[in-house]
Amino acid sequence: MINIILPDKSVRKYDAGITGLDIAKDISPRLAKEVLSITVNGELTDLTRPIEKDADIMLHKFSDPQGKHAFWHSSSHLMAEALATLYPGIKFAIGPAIENGFYYDVDLPEGTVISENDFPKIEKTMIELARQKNPFIRKEISKKEALEYYEKQQDQYKTELINELEDGNITFYTQGNFTDLCRGTHLPHTGFIKAVKLLNVAGAYWRGDEKNKQLTRIYGISFPKQKMLTEYLEMLEQAKLRDHRKLGKELELFTFSPKVGMGLPLWLPKGADLRLRLEDFLTKELRKRGYVMVMSPHIGNVDLYKTSGHYYKYAEDSFRPINTPQEGEEFMLKPMNCPHHVEMYKFKQYSYKDLPIRMAEFGTVYRYEQHGELHGLTRVRSFTQDDAHVFCRPDQLKDEFKAIIDLVFYVFKVFNFNDFSTQISLRDPDNHEKYIGTNENWDKAEKAILETVEEKGLEATVETGEAAFYGPKLDFIVKDVLGRAWQLGTIQIDYNLPERFELEYKGSDNELHQPIMIHRAIFGSMERFIALMIEHTAGKFPLWITPDQAVILPISDKFNDYAKKVSDLLKNYDIRSLIDDRNEKIGRKIRDNELKRIPFLLVVGEKEVSSNTVSVRKQGQGDQGSMSIEAFAKMVNNEVENEIKYN
RNA sequence: GCCUCAGUAGCUCAGUGGUAGAGCAACUGCCUCGUAAGUAGUAGGUCAUGGGUUCGAAUCCCUUCUGAGGCUCCA
């Protein structure tokens, strides 16, 4: 007999060799129907594997991440089986579970393509195979045998994968007529998969390398109940309604014109208004925190970028240098603001008492992003960074770094970005060519980031090879409405540019010292931030109150009940004077159908601006008198909060 | 740059080889009038672009441009 310890610490005794599935059956028949995978002594594994010794176990249902993982991984195998049936000669590369669903990379026989039109028949085959309730059978296999199996099929992908695996550590999983190299975890059988939807097809390079062959990647998602799939698809549709590209058009915030050039956003009046107010908000905050605002031109002599290293790093794939009538003279559209700020630092000599110098600019930069990478406002070719560079002494570095983290937290809180992740990006130690500067400098910079993050108690993932070419960084990442991750805020420590530009300050010892540079952005770029802000707030927080600023953001009743209710509530108020205020044709009577079309009322109320007063009258309650826009926004917001229990 | 798909009126879309359509928006009347679609009429398209097949192309084929979802890239 062995002891099985459940998460609640209760102990059950079973014969050795019992499986997770049997334990589940023993606990309750309903659990047995829902359970998908099991963790045995900390190791995620199949429910059908025998447990031979005493163990702590945890059973996973679809509601658990581990359950979903097994479910979608098995779905991936099921799709592979269906594809193998429908497309003889197909070869399989890798097919993992992902955050929402699964994919499989396949190499199709010459001349075959899979498009979305083929999805229904693949889905149908998958469901037919699933209904057979074929068990997933695990088999340990020697490296030699495994290689023979795939070499016979002339499958270079699996062969390559197996060659990298250790002998004795290789397993195959078989369901029905399909066998795949796989380390698991899988469902007991395919019958759990009741609903399948293939989502899209895409090209993907083998092993993610552009030089390799491009495979066909098919994305899908599956569920244990048809209803869950329907709900998921409904959720996706809802999400698409909040897409910033759609809203940007509807709300007349921004547009693109092929004639101007793709990836070059045109800010329409309302969008420009929104952006200016955001810039204003941040500028005030920066001044409070000891920053000075500067401005720099949009171009610079190539020599500037040669010194900074940008020229060698980016000239080839970037906008081409601009020639002048002068022979041999070249300018570049600035891809970054740093070198300009560095030259401003060099304008005069600084004492150690002057530091830190915190230089901020809403600096527009130009980068020739790859054609296929352009994406709404989140990836563009001309964008404005809320950029700043802090020049400080070594003893000030950590405090400055922490102050910036605090600023990021403050701003994210103000705009309700509560769900963000933090990532430390270090250099790739095997690829020195990607970076400038000495190992010594890099070690210092990376150490400073790691220590500061530790001291701050921040939880951050660490990624190697993701650093900027001049220094490591701490990034703040927010997801868009469809779950794509975008970097907004970034803080980067740089010992290299100060060295290259020979920056210095006079220390208390009367010697010259080199300052350390911190590059940082809070919004990241105005474009990307506004894009995510639109998606995060649409239909969710139509009115926003910050401690000292009132912001009314996009209002549209098309997205969900919450916005609809707010919209209804606003109808109880006479806000004509507010709208007249926002309308250039002041004094003209606003027509009914015009009012309903005003898609957003954007106001950043500032106490010192007295003209931002509205006279408000609530229907049925008579005149409420004049009040500031801020007060009005607060009042409406309170009412909304009271009326709707929003969680 | 690569893979799959798409582009018809300002917007949302119908139209699969035989005379370019609808709703909304716009404009002009009329009726109403403070708050989510009053009413009649008018105007609006080289069917993204260039080429080809055909008696005939929005429709089939190719080029280019742009967009969508991925991959690669991302300062």
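Side-chain atoms are counted along with the backbone in the values below, which use heavy atoms only and exclude waters and symmetry mates. What you see is a predicted model, and the numbers here were worked out from it, not measured in a lab. Here is the naming used below: chain letters follow the sequence lines, and residue numbers restart at 1 for every chain.
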Q: Rounding to an integer number of Å, can you tell me how far A:D209 CG sits from B:rC71 C1'?
A: 12 Å
Q: What nucleic acid atoms does A:T216 come within less than 4.0 Å of, heavy atoms only: base, sugar-phosphate, or nothing?
A: nothing
Q: Test of understanding: with side chain to side chain donor-acceptor pair (under 3.5 Å), list the residues that count as partners of A:D243, not counting sequence neighbours.
A: A:R245
Q: Determine the Euclidean distance between corresponding C1' atoms of B:rG23 and B:rA57; express it in Å to zero decimal places.
A: 27 Å
Q: Check A:E527 with A:R275, please: is the shortest side-chain N to carboxylate O separation under 4.0 Å?
A: yes
Q: Which nucleotide, B:rC74, B:rG70, B:rG1, lies nearest any side-chain atom of A:E369?
A: B:rC74
Q: Is there a donor-acceptor contact under 3.5 Å linking the side chains of A:S425 and A:Q423?
A: yes
Q: For the base of B:rG70, is there a side-chain donor-acceptor partner from A:Y205 under 3.5 Å away?
A: no
Q: Does OP1 or OP2 of B:rG69 have a side-chain N or O of A:H375 closer than 4.0 Å?
A: yes
Q: My understanding is that a pair needs two contacts under 3.5 Å, Watson-Crick or G-U wobble. By that rule, which nucleotide pairs with B:rG56?
A: none
Q: I'd like the P distance from B:rG18 over to B:rG56, given in whole Å.
A: 14 Å
Q: When rounded to the nearest 0.5 angstrom, what distance separates CE in A:M332 from CD1 in A:I299?
A: 11.5 Å
Q: From B:rA75, B:rU12, B:rG70, pick the nucleotide closest to the side chain of A:A468?
A: B:rA75
Q: Taking atom C1' of B:rC5 as reference, at what distance in whole Å does atom CG of A:L199 sit?
A: 15 Å
Q: On RNA chain B, nearest-nucleotide positions of A:L482 versus A:K249: which is more 5'?
A: A:K249
Q: Tell me: CD1 of A:I98 to C1' of B:rG69, nearest whole Å?
A: 12 Å
Q: Whole angstroms only, please: what is the CZ-P distance between A:F119 and B:rG70?
A: 13 Å
Q: Can you find a side chain N or O atom of A:K246 that sits less than 4.0 Å from OP1 or OP2 on B:rC11?
A: no
Q: May I ask you to decide whether A:R207 forms a salt bridge with A:D209, counting only side-chain N to carboxylate O separations under 4.0 Å?
A: no
Q: May I ask you to say what A:R207 touches in the nucleic acid, namely base, sugar-phosphate or nothing, with a heavy-atom cut-off under 4.0 Å?
A: nothing
Q: When the ring centroid of A:Y345 is compared with that of A:H389, is the distance short of 6.0 Å?
A: no
Q: From CG of A:D428 over to P of B:rC74, roughly how many Å is that when rounded to an integer?
A: 11 Å
Q: Look at all strands and tell whether A:A204 reaches a base, only sugar-phosphate, or nothing, counting heavy atoms closer than 4.0 Å.
A: sugar-phosphate
Q: Please tell me which of the listed nucleotides, B:rC5, B:rU72, B:rC74, lies nearest to the side chain of A:E116?
A: B:rC5
Q: Among B:rG69, B:rU66, B:rC5, find the nucleotide with the atom closest to the side chain of A:M262.
A: B:rU66
Q: Check the distance between B:rC3's P and A:Q370's CD and give it to me in whole angstrom.
A: 13 Å
Q: Could you check whether A:K334 pairs with A:E361 (Lys NZ or Arg NE/NH1/NH2 to Asp/Glu carboxylate O, under 4.0 Å)?
A: yes
Q: Can you check the distance between B:rA9 and B:rG45, where both ends of the measurement are the C1' atom (answer in whole Å)?
A: 5 Å
Q: Counting only Watson-Crick or G-U wobble pairs whose two distances fall under 3.5 Å, which nucleotide matches B:rC74?
A: none
Q: Would you give the length of the straight line joining atom CH2 of A:W206 to atom CG of A:D105, rounded to the nearest 0.5 angstrom?
A: 8.5 Å
Q: Quick check on B:rC73: is either OP1 or OP2 less than 4.0 Å from any side-chain nitrogen or oxygen of A:R367?
A: no
Q: If you find the nucleotide of RNA chain B closest to A:G263 and the one closest to A:Q492, which residue's nucleotide is nearer the 5' end?
A: A:G263
Q: Quick check for you: among B:rA75, B:rG70, B:rC73, whose closest atom lies nearest to any side-chain atom of A:R379?
A: B:rC73
Q: State the pairing partner of B:rC5; accept Watson-Crick or G-U wobble contacts with both distances under 3.5 Å, and report none otherwise.
A: B:rG67
Q: Measure from CZ on A:R381 to C1' on B:rG1 and round the result to the nearest Å.
A: 11 Å
Q: B:rU4 phosphate, OP1 or OP2: any side-chain N/O from A:R217 under 4.0 angstrom?
A: no
Q: Could you tell me how far B:rG44 sits from B:rG10 if I compare only their C1' atoms? Round to whole Å.
A: 9 Å
Q: Could you work out which one of B:rG70, B:rU4, B:rU66 sits closest to the side chain of A:P258?
A: B:rU66
Q: Within the 4.0 Å heavy-atom criterion, would you say A:V113 contacts the bases, only the backbone, or no part of the nucleic acid?
A: sugar-phosphate
Q: Please give the distance between the C1' atoms of B:rG69 and B:rG50 as a whole number of Å.
A: 28 Å
Q: Could you give the distance separating B:rU59 and B:rG52 at their P atoms, to the nearest angstrom?
A: 14 Å
Q: When you get a sec, tell me which of B:rC71, B:rA75, B:rU72 is the closest nucleotide to the side chain of A:E373?
A: B:rU72
Q: If we call it a pair only when both distances are under 3.5 Å in a Watson-Crick or G-U wobble match, what pairs with B:rU39?
A: B:rG29
Q: Please name the nucleotide paired to B:rU46 by Watson-Crick or G-U wobble geometry with both distances under 3.5 Å, or report none.
A: none
Q: Pick the P atom in B:rU46 and in B:rA58, then give their distance to the nearest Å.
A: 13 Å
Q: Measuring from atom CD of A:E446 to atom CD1 of A:I493, what distance do you get when rounded to the nearest 0.5 angstrom?
A: 10.0 Å
Q: For the pair made of CG in A:L268 and P in B:rG10, what is the distance, rounded to whole Å?
A: 16 Å
Q: Applying a 3.5 Å limit to both distances, which nucleotide forms a Watson-Crick or G-U wobble pair with B:rG17?
A: none
Q: As a test of reading the structure: which of B:rC71, B:rU4, B:rC11 is closest to the side chain of A:Y219, going by heavy atoms?
A: B:rC71
Q: For the P atoms, the ones on B:rC62 and on B:rG7, what distance do you get once it is rounded to whole angstrom?
A: 15 Å
